[in-house]
Protein chains: 2
Amino acid sequence: MFSPLRPSDTPIQTAAPFGFTGPCLRHARDEEVFGEGEAAEHVYQVISGAVRTLRTLRDGRRQIDEFHFAGDYFGIEAGDLHRVSAEAMTDTTVRMVRRAALSQLAAKQVDVARILFRLTVEGLQRSQDHVLMLGRKTARERVVGLLIDLVERTGADGELDIPMTRQDMADYLGLTIETVSRTLTQLQADGIIAIPTTRHIVLRDGAALRRLAN
Amino acid sequence: MFSPLRPSDTPIQTAAPFGFTGPCLRHARDEEVFGEGEAAEHVYQVISGAVRTLRTLRDGRRQIDEFHFAGDYFGIEAGDLHRVSAEAMTDTTVRMVRRAALSQLAAKQVDVARILFRLTVEGLQRSQDHVLMLGRKTARERVVGLLIDLVERTGADGELDIPMTRQDMADYLGLTIETVSRTLTQLQADGIIAIPTTRHIVLRDGAALRRLAN
DNA sequence: CGTGAGTTTGAAGGGAATCAAGACTAGTGG
DNA sequence: CCACTAGTCTTGATTCCCTTCAAACTCACG
(Lines give C-alpha, C1' and ligand atoms only; values in the text may rest on other atoms or scores of the structure.)
Protein backbone atom coordinates (compact mmCIF):
# COMPACT_ATOMS: atom_id res chain seq x y z
CA MET A 1 0.00 0.00 0.00
CA PHE A 2 2.19 2.84 -1.23
CA SER A 3 0.79 6.29 -1.67
CA PRO A 4 0.92 7.66 -5.21
CA LEU A 5 0.41 11.37 -4.90
CA ARG A 6 -1.96 12.15 -7.69
CA PRO A 7 -1.65 15.49 -9.44
CA SER A 8 -5.15 16.31 -8.26
CA ASP A 9 -3.86 16.41 -4.73
CA THR A 10 -3.08 20.06 -4.92
CA PRO A 11 -1.86 21.20 -1.54
CA ILE A 12 -4.05 23.83 0.00
CA GLN A 13 -2.74 26.32 2.50
CA THR A 14 -5.18 26.94 5.29
CA ALA A 15 -5.03 28.76 8.57
CA ALA A 16 -4.27 26.22 11.26
CA PRO A 17 -4.90 26.76 14.96
CA PHE A 18 -1.96 28.24 16.87
CA GLY A 19 -0.29 29.22 13.64
CA PHE A 20 0.67 25.70 12.63
CA THR A 21 0.64 25.79 8.87
CA GLY A 22 1.45 23.47 6.06
CA PRO A 23 0.09 21.97 2.89
CA CYS A 24 -2.95 19.72 3.01
CA LEU A 25 -2.84 16.35 1.34
CA ARG A 26 -5.63 13.96 0.38
CA HIS A 27 -5.33 10.26 0.98
CA ALA A 28 -7.64 7.57 -0.32
CA ARG A 29 -8.97 4.82 1.91
CA ASP A 30 -6.21 2.47 3.13
CA GLU A 31 -3.49 4.65 1.70
CA GLU A 32 -0.37 5.06 3.79
CA VAL A 33 0.37 8.52 5.16
CA PHE A 34 3.77 7.45 6.41
CA GLY A 35 5.42 4.14 7.20
CA GLU A 36 7.19 2.69 10.20
CA GLY A 37 10.90 3.36 9.88
CA GLU A 38 10.56 6.33 7.55
CA ALA A 39 12.16 9.67 8.36
CA ALA A 40 9.87 11.70 10.60
CA GLU A 41 10.04 15.10 8.94
CA HIS A 42 6.48 16.19 9.53
CA VAL A 43 3.80 16.29 12.15
CA TYR A 44 0.30 15.74 10.84
CA GLN A 45 -3.18 16.94 11.67
CA VAL A 46 -6.36 15.30 10.48
CA ILE A 47 -8.48 17.89 8.69
CA SER A 48 -11.25 15.54 7.64
CA GLY A 49 -11.62 11.80 7.63
CA ALA A 50 -9.87 9.40 9.98
CA VAL A 51 -6.41 7.90 10.36
CA ARG A 52 -5.08 4.84 12.17
CA THR A 53 -1.53 4.56 13.48
CA LEU A 54 -0.25 1.05 13.92
CA ARG A 55 2.66 -1.30 14.33
CA THR A 56 3.18 -4.69 12.78
CA LEU A 57 5.23 -7.64 13.96
CA ARG A 58 7.24 -9.60 11.43
CA ASP A 59 4.73 -12.45 11.43
CA GLY A 60 1.90 -10.09 10.57
CA ARG A 61 0.32 -9.52 13.96
CA ARG A 62 -0.98 -5.99 13.92
CA GLN A 63 -1.64 -3.59 16.78
CA ILE A 64 -3.42 -0.33 16.17
CA ASP A 65 -2.00 2.28 18.42
CA GLU A 66 -4.58 4.98 18.03
CA PHE A 67 -7.44 6.26 15.92
CA HIS A 68 -7.17 9.91 14.89
CA PHE A 69 -10.15 12.04 13.89
CA ALA A 70 -10.64 15.58 12.61
CA GLY A 71 -8.48 17.96 14.61
CA ASP A 72 -6.22 15.29 16.08
CA TYR A 73 -2.47 15.41 15.62
CA PHE A 74 -0.31 12.39 14.90
CA GLY A 75 3.20 11.53 13.88
CA ILE A 76 5.03 13.27 16.73
CA GLU A 77 8.27 11.41 17.39
CA ALA A 78 11.24 11.72 19.71
CA GLY A 79 13.79 10.34 17.29
CA ASP A 80 14.42 10.77 13.59
CA LEU A 81 12.21 7.92 12.45
CA HIS A 82 8.53 7.11 12.62
CA ARG A 83 7.96 4.20 14.98
CA VAL A 84 4.43 3.57 13.78
CA SER A 85 2.88 3.74 10.37
CA ALA A 86 -0.20 5.79 9.58
CA GLU A 87 -3.00 4.90 7.16
CA ALA A 88 -6.17 6.64 6.10
CA MET A 89 -9.26 4.72 7.23
CA THR A 90 -11.51 6.61 4.84
CA ASP A 91 -10.80 9.27 2.25
CA THR A 92 -8.93 11.73 4.39
CA THR A 93 -7.31 15.14 4.28
CA VAL A 94 -4.31 15.79 6.49
CA ARG A 95 -2.19 18.87 7.05
CA MET A 96 1.56 18.37 7.08
CA VAL A 97 3.60 20.63 9.32
CA ARG A 98 7.36 20.58 8.90
CA ARG A 99 8.90 19.35 12.08
CA ALA A 100 11.86 21.72 11.89
CA ALA A 101 9.57 24.69 11.42
CA LEU A 102 7.40 23.58 14.30
CA SER A 103 10.33 23.22 16.61
CA GLN A 104 11.61 26.67 15.64
CA LEU A 105 8.20 28.13 16.25
CA ALA A 106 8.02 26.42 19.63
CA ALA A 107 11.40 27.86 20.55
CA LYS A 108 10.14 31.38 19.88
CA GLN A 109 6.58 31.17 21.12
CA VAL A 110 6.04 29.70 24.55
CA ASP A 111 2.36 29.07 23.96
CA VAL A 112 3.12 26.96 20.91
CA ALA A 113 5.57 24.88 22.90
CA ARG A 114 3.00 24.53 25.65
CA ILE A 115 0.32 23.35 23.27
CA LEU A 116 2.64 20.81 21.67
CA PHE A 117 3.59 19.57 25.10
CA ARG A 118 -0.01 19.25 26.20
CA LEU A 119 -0.96 17.36 23.04
CA THR A 120 1.86 14.93 23.68
CA VAL A 121 1.01 14.38 27.34
CA GLU A 122 -2.60 13.79 26.38
CA GLY A 123 -1.43 11.23 23.87
CA LEU A 124 0.58 9.59 26.63
CA GLN A 125 -2.45 9.45 28.88
CA ARG A 126 -4.57 7.94 26.14
CA SER A 127 -1.88 5.35 25.64
CA GLN A 128 -1.92 4.61 29.37
CA ASP A 129 -5.66 4.04 29.21
CA HIS A 130 -5.02 1.71 26.31
CA VAL A 131 -2.46 -0.21 28.38
CA LEU A 132 -4.93 -0.65 31.22
CA MET A 133 -7.55 -1.87 28.80
CA LEU A 134 -5.31 -4.38 27.04
CA GLY A 135 -3.66 -5.59 30.21
CA ARG A 136 -6.61 -6.06 32.50
CA LYS A 137 -9.98 -5.81 30.80
CA THR A 138 -12.24 -8.47 29.32
CA ALA A 139 -13.33 -8.54 25.69
CA ARG A 140 -16.70 -7.02 26.55
CA GLU A 141 -15.14 -4.23 28.62
CA ARG A 142 -12.76 -3.43 25.79
CA VAL A 143 -15.45 -3.22 23.13
CA VAL A 144 -17.65 -1.11 25.39
CA GLY A 145 -14.69 1.11 26.22
CA LEU A 146 -14.05 1.73 22.54
CA LEU A 147 -17.69 2.57 21.87
CA ILE A 148 -17.72 5.08 24.73
CA ASP A 149 -14.47 6.60 23.57
CA LEU A 150 -15.75 6.92 20.01
CA VAL A 151 -19.03 8.49 21.03
CA GLU A 152 -17.22 11.01 23.22
CA ARG A 153 -14.85 11.96 20.43
CA THR A 154 -16.96 11.75 17.32
CA GLY A 155 -20.46 10.80 18.29
CA ALA A 156 -23.53 12.93 17.85
CA ASP A 157 -26.12 12.09 20.47
CA GLY A 158 -25.28 8.44 20.96
CA GLU A 159 -25.07 7.78 17.24
CA LEU A 160 -21.85 6.40 15.84
CA ASP A 161 -20.74 6.36 12.25
CA ILE A 162 -17.82 4.03 12.45
CA PRO A 163 -15.03 4.62 9.93
CA MET A 164 -13.11 1.47 10.80
CA THR A 165 -13.63 -2.17 9.93
CA ARG A 166 -14.19 -4.89 12.53
CA GLN A 167 -10.59 -5.89 11.88
CA ASP A 168 -9.44 -2.41 12.86
CA MET A 169 -11.47 -2.60 16.04
CA ALA A 170 -9.99 -6.01 16.81
CA ASP A 171 -6.44 -4.81 16.18
CA TYR A 172 -7.00 -1.84 18.44
CA LEU A 173 -8.56 -3.91 21.20
CA GLY A 174 -6.10 -6.80 21.09
CA LEU A 175 -8.86 -9.24 20.08
CA THR A 176 -9.88 -11.16 16.97
CA ILE A 177 -12.45 -9.98 14.50
CA GLU A 178 -14.76 -12.84 15.52
CA THR A 179 -14.70 -11.86 19.17
CA VAL A 180 -15.47 -8.23 18.33
CA SER A 181 -18.36 -9.30 16.15
CA ARG A 182 -19.78 -11.69 18.73
CA THR A 183 -19.45 -9.10 21.50
CA LEU A 184 -21.27 -6.46 19.49
CA THR A 185 -24.02 -8.94 18.64
CA GLN A 186 -24.36 -9.78 22.32
CA LEU A 187 -24.56 -6.10 23.32
CA GLN A 188 -27.31 -5.69 20.76
CA ALA A 189 -29.14 -8.74 22.09
CA ASP A 190 -28.93 -7.18 25.56
CA GLY A 191 -30.62 -4.06 24.21
CA ILE A 192 -27.66 -1.87 25.08
CA ILE A 193 -26.78 -0.95 21.53
CA ALA A 194 -28.41 -1.22 18.12
CA ILE A 195 -26.54 -2.00 14.91
CA PRO A 196 -28.74 -0.85 12.03
CA THR A 197 -25.84 -1.28 9.62
CA THR A 198 -22.32 -2.56 10.24
CA ARG A 199 -20.84 0.91 10.14
CA HIS A 200 -23.56 2.54 12.20
CA ILE A 201 -24.08 1.83 15.89
CA VAL A 202 -26.61 3.44 18.19
CA LEU A 203 -25.92 3.52 21.91
CA ARG A 204 -29.35 2.89 23.39
CA ASP A 205 -28.43 2.66 27.05
CA GLY A 206 -25.47 4.87 27.90
CA ALA A 207 -25.76 4.20 31.63
CA ALA A 208 -25.61 0.44 31.19
CA LEU A 209 -22.75 0.88 28.79
CA ARG A 210 -20.77 2.90 31.29
CA ARG A 211 -21.48 0.30 33.94
CA LEU A 212 -20.00 -2.39 31.72
CA ALA A 213 -16.94 -0.34 30.85
CA ASN A 214 -15.18 -0.33 34.24
CA MET B 1 13.45 5.71 29.03
CA PHE B 2 16.15 8.37 28.83
CA SER B 3 18.38 7.88 31.84
CA PRO B 4 21.93 6.67 31.63
CA LEU B 5 21.48 4.17 34.38
CA ARG B 6 23.74 3.80 37.30
CA PRO B 7 23.47 1.00 39.80
CA SER B 8 20.52 1.82 42.00
CA ASP B 9 22.67 2.57 45.02
CA THR B 10 24.70 5.31 43.40
CA PRO B 11 23.09 8.65 44.24
CA ILE B 12 23.10 11.27 41.51
CA GLN B 13 22.28 13.86 44.14
CA THR B 14 23.19 17.49 44.33
CA ALA B 15 23.72 18.48 40.72
CA ALA B 16 20.41 17.78 39.08
CA PRO B 17 20.61 17.61 35.32
CA PHE B 18 19.39 20.72 33.49
CA GLY B 19 19.03 22.63 36.73
CA PHE B 20 15.92 20.78 37.89
CA THR B 21 16.10 21.10 41.64
CA GLY B 22 14.02 20.18 44.62
CA PRO B 23 14.09 18.35 47.91
CA CYS B 24 14.82 14.66 48.02
CA LEU B 25 12.50 12.35 49.89
CA ARG B 26 13.02 8.80 51.07
CA HIS B 27 10.31 6.20 50.72
CA ALA B 28 10.27 2.77 52.29
CA ARG B 29 9.37 -0.32 50.29
CA ASP B 30 5.72 -0.30 49.13
CA GLU B 31 5.18 3.26 50.35
CA GLU B 32 3.07 5.49 48.15
CA VAL B 33 4.80 8.46 46.54
CA PHE B 34 1.53 9.86 45.28
CA GLY B 35 -1.93 8.47 44.67
CA GLU B 36 -4.29 8.35 41.73
CA GLY B 37 -6.58 11.35 41.89
CA GLU B 38 -4.29 13.49 44.03
CA ALA B 39 -3.26 16.98 42.94
CA ALA B 40 -0.25 16.80 40.63
CA GLU B 41 1.95 19.54 42.05
CA HIS B 42 5.31 17.93 41.49
CA VAL B 43 7.28 16.04 38.92
CA TYR B 44 9.55 13.37 40.36
CA GLN B 45 12.91 11.89 39.55
CA VAL B 46 14.19 8.63 40.92
CA ILE B 47 17.55 9.24 42.60
CA SER B 48 18.06 5.72 43.88
CA GLY B 49 15.86 2.69 44.15
CA ALA B 50 12.88 1.94 41.92
CA VAL B 51 9.31 3.12 41.56
CA ARG B 52 6.22 1.61 39.92
CA THR B 53 3.36 3.70 38.55
CA LEU B 54 0.05 1.92 38.33
CA ARG B 55 -3.71 2.11 38.00
CA THR B 56 -6.31 0.05 39.78
CA LEU B 57 -9.85 -0.84 38.74
CA ARG B 58 -12.60 -0.76 41.36
CA ASP B 59 -12.63 -4.55 41.62
CA GLY B 60 -8.92 -4.65 42.41
CA ARG B 61 -7.47 -5.52 39.02
CA ARG B 62 -4.14 -3.77 38.84
CA GLN B 63 -2.12 -2.62 35.84
CA ILE B 64 1.42 -1.37 36.25
CA ASP B 65 2.04 1.36 33.78
CA GLU B 66 5.79 1.65 34.07
CA PHE B 67 8.82 0.84 36.16
CA HIS B 68 11.09 3.78 36.93
CA PHE B 69 14.76 3.44 37.85
CA ALA B 70 17.53 5.82 38.90
CA GLY B 71 17.47 8.89 36.69
CA ASP B 72 13.97 8.33 35.34
CA TYR B 73 11.27 10.95 35.69
CA PHE B 74 7.67 10.21 36.55
CA GLY B 75 4.50 12.01 37.56
CA ILE B 76 4.23 14.28 34.53
CA GLU B 77 0.55 15.04 33.92
CA ALA B 78 -1.50 17.08 31.49
CA GLY B 79 -4.25 17.95 33.94
CA ASP B 80 -4.35 18.94 37.61
CA LEU B 81 -4.57 15.43 38.98
CA HIS B 82 -2.40 12.36 38.96
CA ARG B 83 -3.97 9.68 36.82
CA VAL B 84 -1.74 6.93 38.16
CA SER B 85 -0.38 6.25 41.60
CA ALA B 86 3.30 5.76 42.32
CA GLU B 87 4.84 3.41 44.86
CA ALA B 88 8.40 2.63 45.89
CA MET B 89 9.37 -0.93 44.97
CA THR B 90 12.38 -0.87 47.27
CA ASP B 91 13.69 1.74 49.67
CA THR B 92 13.89 4.67 47.34
CA THR B 93 14.98 8.29 47.16
CA VAL B 94 13.13 10.64 44.83
CA ARG B 95 13.61 14.28 44.02
CA MET B 96 10.49 16.41 43.91
CA VAL B 97 10.43 19.31 41.46
CA ARG B 98 7.61 21.80 41.78
CA ARG B 99 5.56 21.70 38.66
CA ALA B 100 4.96 25.45 38.60
CA ALA B 101 8.68 26.11 38.93
CA LEU B 102 9.46 23.65 36.19
CA SER B 103 6.97 25.20 33.84
CA GLN B 104 8.38 28.68 34.54
CA LEU B 105 11.86 27.38 33.90
CA ALA B 106 10.73 25.78 30.66
CA ALA B 107 9.20 29.08 29.58
CA LYS B 108 12.53 30.87 30.03
CA GLN B 109 14.95 28.21 28.88
CA VAL B 110 14.25 26.57 25.59
CA ASP B 111 16.58 23.67 26.27
CA VAL B 112 14.68 22.82 29.45
CA ALA B 113 11.40 22.80 27.56
CA ARG B 114 12.99 20.66 24.88
CA ILE B 115 14.26 18.13 27.38
CA LEU B 116 10.91 17.91 29.12
CA PHE B 117 9.27 17.41 25.78
CA ARG B 118 11.67 14.70 24.76
CA LEU B 119 11.22 12.87 28.07
CA THR B 120 7.48 12.92 27.54
CA VAL B 121 7.62 11.70 23.96
CA GLU B 122 9.95 8.91 25.02
CA GLY B 123 7.47 7.97 27.71
CA LEU B 124 4.79 7.90 25.04
CA GLN B 125 6.88 5.62 22.87
CA ARG B 126 7.53 3.26 25.75
CA SER B 127 3.81 3.20 26.36
CA GLN B 128 3.22 2.35 22.70
CA ASP B 129 5.65 -0.56 23.01
CA HIS B 130 3.68 -1.64 26.05
CA VAL B 131 0.44 -1.51 24.06
CA LEU B 132 1.88 -3.69 21.33
CA MET B 133 3.08 -6.17 23.90
CA LEU B 134 -0.21 -6.39 25.77
CA GLY B 135 -2.33 -6.41 22.66
CA ARG B 136 -0.51 -8.90 20.48
CA LYS B 137 2.20 -10.86 22.25
CA THR B 138 2.14 -14.23 23.97
CA ALA B 139 3.00 -14.76 27.62
CA ARG B 140 6.48 -15.94 26.75
CA GLU B 141 7.14 -13.00 24.44
CA ARG B 142 6.00 -10.60 27.14
CA VAL B 143 8.21 -12.06 29.84
CA VAL B 144 11.20 -12.13 27.50
CA GLY B 145 10.47 -8.56 26.46
CA LEU B 146 10.49 -7.42 30.04
CA LEU B 147 13.78 -9.18 30.73
CA ILE B 148 15.40 -7.55 27.73
CA ASP B 149 14.05 -4.16 28.69
CA LEU B 150 15.32 -4.53 32.23
CA VAL B 151 18.77 -5.65 31.18
CA GLU B 152 19.06 -2.72 28.78
CA ARG B 153 18.03 -0.24 31.45
CA THR B 154 19.55 -1.59 34.62
CA GLY B 155 21.50 -4.70 33.79
CA ALA B 156 25.20 -5.15 34.16
CA ASP B 157 26.46 -7.69 31.67
CA GLY B 158 23.38 -9.85 31.44
CA GLU B 159 22.89 -9.96 35.19
CA LEU B 160 19.60 -8.71 36.57
CA ASP B 161 18.86 -7.74 40.14
CA ILE B 162 15.13 -7.53 40.03
CA PRO B 163 13.54 -5.04 42.41
CA MET B 164 9.98 -6.14 41.72
CA THR B 165 7.94 -9.12 42.86
CA ARG B 166 6.45 -11.70 40.49
CA GLN B 167 3.12 -9.99 41.12
CA ASP B 168 4.58 -6.70 39.87
CA MET B 169 5.87 -8.42 36.76
CA ALA B 170 2.46 -10.01 36.20
CA ASP B 171 0.65 -6.70 36.66
CA TYR B 172 3.01 -5.04 34.21
CA LEU B 173 2.67 -7.82 31.63
CA GLY B 174 -1.07 -8.30 31.87
CA LEU B 175 -0.63 -11.87 33.13
CA THR B 176 -1.07 -13.74 36.39
CA ILE B 177 1.70 -14.45 38.86
CA GLU B 178 1.45 -18.17 38.10
CA THR B 179 1.96 -17.66 34.39
CA VAL B 180 4.99 -15.43 34.99
CA SER B 181 6.49 -18.02 37.31
CA ARG B 182 5.84 -20.90 34.92
CA THR B 183 7.27 -18.97 32.00
CA LEU B 184 10.46 -18.10 33.85
CA THR B 185 10.84 -21.72 34.94
CA GLN B 186 10.43 -22.82 31.33
CA LEU B 187 13.03 -20.31 30.10
CA GLN B 188 15.43 -21.68 32.68
CA ALA B 189 14.69 -25.25 31.62
CA ASP B 190 15.48 -24.19 28.05
CA GLY B 191 18.86 -22.92 29.21
CA ILE B 192 18.12 -19.37 28.11
CA ILE B 193 18.19 -17.86 31.57
CA ALA B 194 19.31 -18.91 35.03
CA ILE B 195 17.49 -18.02 38.24
CA PRO B 196 19.99 -18.44 41.09
CA THR B 197 17.60 -16.65 43.43
CA THR B 198 14.11 -15.27 42.81
CA ARG B 199 15.34 -11.71 42.62
CA HIS B 200 18.39 -12.48 40.54
CA ILE B 201 18.20 -13.59 36.93
CA VAL B 202 21.10 -14.27 34.58
CA LEU B 203 20.53 -13.99 30.85
CA ARG B 204 22.61 -16.87 29.52
CA ASP B 205 21.66 -16.68 25.85
CA GLY B 206 20.94 -13.13 24.79
CA ALA B 207 20.59 -14.07 21.13
CA ALA B 208 17.98 -16.74 21.83
CA LEU B 209 16.21 -14.30 24.11
CA ARG B 210 16.02 -11.69 21.42
CA ARG B 211 14.75 -14.28 18.98
CA LEU B 212 11.90 -15.11 21.36
CA ALA B 213 11.03 -11.47 21.98
CA ASN B 214 9.65 -10.54 18.57
C1' DC C 1 -27.95 -10.15 -10.74
C1' DG C 2 -22.82 -11.91 -9.96
C1' DT C 3 -18.87 -10.98 -7.26
C1' DG C 4 -16.03 -10.42 -3.43
C1' DA C 5 -14.71 -8.07 0.61
C1' DG C 6 -16.37 -7.74 4.99
C1' DT C 7 -19.09 -9.69 8.59
C1' DT C 8 -21.53 -13.03 11.30
C1' DT C 9 -22.22 -17.47 13.26
C1' DG C 10 -21.00 -22.23 14.74
C1' DA C 11 -17.95 -25.90 16.53
C1' DA C 12 -13.76 -27.24 18.47
C1' DG C 13 -9.34 -26.28 20.54
C1' DG C 14 -5.83 -24.00 23.26
C1' DG C 15 -3.33 -20.69 26.17
C1' DA C 16 -3.65 -18.52 30.13
C1' DA C 17 -6.60 -18.09 34.34
C1' DT C 18 -8.29 -20.08 38.34
C1' DC C 19 -8.25 -23.08 42.13
C1' DA C 20 -5.43 -25.52 45.35
C1' DA C 21 -1.37 -27.21 47.65
C1' DG C 22 3.30 -27.11 48.77
C1' DA C 23 7.99 -25.23 48.92
C1' DC C 24 10.97 -21.70 49.65
C1' DT C 25 12.84 -17.38 51.83
C1' DA C 26 13.69 -13.65 54.76
C1' DG C 27 12.83 -11.83 58.90
C1' DT C 28 11.83 -12.66 64.01
C1' DG C 29 12.46 -13.98 68.39
C1' DG C 30 13.41 -17.69 71.63
C1' DC D 1 21.96 -20.81 66.27
C1' DC D 2 17.86 -22.47 64.90
C1' DA D 3 12.79 -23.12 65.05
C1' DC D 4 8.85 -20.18 63.80
C1' DT D 5 6.18 -17.49 60.78
C1' DA D 6 4.32 -14.69 57.12
C1' DG D 7 4.99 -13.52 52.71
C1' DT D 8 6.41 -14.99 48.30
C1' DC D 9 7.05 -18.20 44.84
C1' DT D 10 6.46 -22.64 42.43
C1' DT D 11 3.97 -26.49 40.80
C1' DG D 12 -0.16 -29.27 39.64
C1' DA D 13 -5.05 -30.00 38.17
C1' DT D 14 -8.84 -28.10 36.14
C1' DT D 15 -11.62 -24.53 33.95
C1' DC D 16 -12.89 -21.03 30.80
C1' DC D 17 -12.58 -17.12 27.76
C1' DC D 18 -11.01 -16.19 23.68
C1' DT D 19 -8.92 -18.01 19.48
C1' DT D 20 -8.87 -20.85 15.59
C1' DC D 21 -10.94 -23.13 11.94
C1' DA D 22 -14.76 -23.38 8.93
C1' DA D 23 -18.75 -21.93 6.52
C1' DA D 24 -22.63 -19.11 5.54
C1' DC D 25 -24.42 -14.61 5.10
C1' DT D 26 -24.77 -9.49 3.76
C1' DC D 27 -24.43 -5.84 0.91
C1' DA D 28 -22.17 -2.41 -1.92
C1' DC D 29 -20.93 -2.15 -6.63
C1' DG D 30 -19.62 -3.43 -11.29
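Below, chain A is the first sequence line, B the second, and so on; all start at residue 1.
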Take atom CG of B/L173 and atom C1' of C/dG15, then tell me their distance rounded to the nearest Å. 16 Å

Using 30° and 60° as the class boundaries, would you call the ring planes of A/F74 and A/Y44 parallel, tilted or perpendicular? parallel

Estimate the overall bend of the helix from C/dC1-D/dG30 to C/dG30-D/dC1 from the end axes over five pairs each, rounded to 10 degrees. 30°

What integer distance in Å separates A/D30:CG from C/dG6:C1'? 12 Å

Checking B/D129 against B/Q125: is there a side-chain donor and acceptor pair closer than 3.5 Å? no

Length of the CZ-P vector between A/R136 and C/dA16, whole Å: 13 Å

By a strict heavy-atom criterion of less than 4.0 Å, which residues belonging to residues 54-63 of chain B are in contact with DNA chain D? none

Summary of ring pair (Phe, Tyr, Trp, His ring centres under 6.0 Å) pairs that have at least one residue in residues 135-170 of chain B, sequence neighbours excluded: none

Over 12 foreign heavy atoms within 6.0 Å of CZ, B/R204: no

Would you please name every residue forming a salt bridge (Lys or Arg N to Asp or Glu O under 4.0 Å) with B/R99, sequence neighbours left out? none

List in chain and number order the residues that pass salt bridge (Lys or Arg N to Asp or Glu O under 4.0 Å) with B/D30, two or more places apart in sequence or in another chain; answer none if no residue qualifies. B/R52

With sequence neighbours excluded, residues passing salt bridge (Lys or Arg N to Asp or Glu O under 4.0 Å) with A/D65: none

Heavy-atom contacts under 4.0 Å between residues 175-196 of chain A and DNA chain D, which residues? A/L175, A/T176, A/E178, A/T179, A/R182

Can you check the A/M164 CE to C/dG6 C1' distance for me, whole Å? 15 Å

Among residues at least two apart in sequence or on other chains, which ones pass side chain to side chain donor-acceptor pair (under 3.5 Å) with A/S85? none

Sugar-phosphate only, base, or nothing, as touched by B/T138 at under 4.0 Å among non-hydrogen atoms: sugar-phosphate

Counting only heavy atoms not in A/D59, do more than 12 sit closer than 6.0 Å to its CG atom? yes

Ring pair (Phe, Tyr, Trp, His ring centres under 6.0 Å) partners of residues 189-214 of chain A, not counting sequence neighbours, each pair once: none

Quick check for you: name the first and last nucleotides of DNA chain D, 5' to 3', having an atom under 4.0 Å from a heavy atom of chain B. D/dC9 to D/dA13

Across all chains, not counting sequence neighbours, the salt bridge (Lys or Arg N to Asp or Glu O under 4.0 Å) partners of B/R182 are none

With heavy atoms under 4.0 Å as the rule, sort B/R199 into base, sugar-phosphate or nothing. sugar-phosphate

Give me each pair satisfying ring pair (Phe, Tyr, Trp, His ring centres under 6.0 Å) with a member in residues 147-179 of chain B, each pair once, sequence neighbours excluded. B/F67-B/Y172, B/H130-B/Y172

Give the rounded distance in Å between these two atoms: CZ of B/R166 and P of C/dA17. 16 Å

Between the side chain of B/T92 and the main-chain N/O of B/A50, is any donor-acceptor distance below 3.5 Å? yes

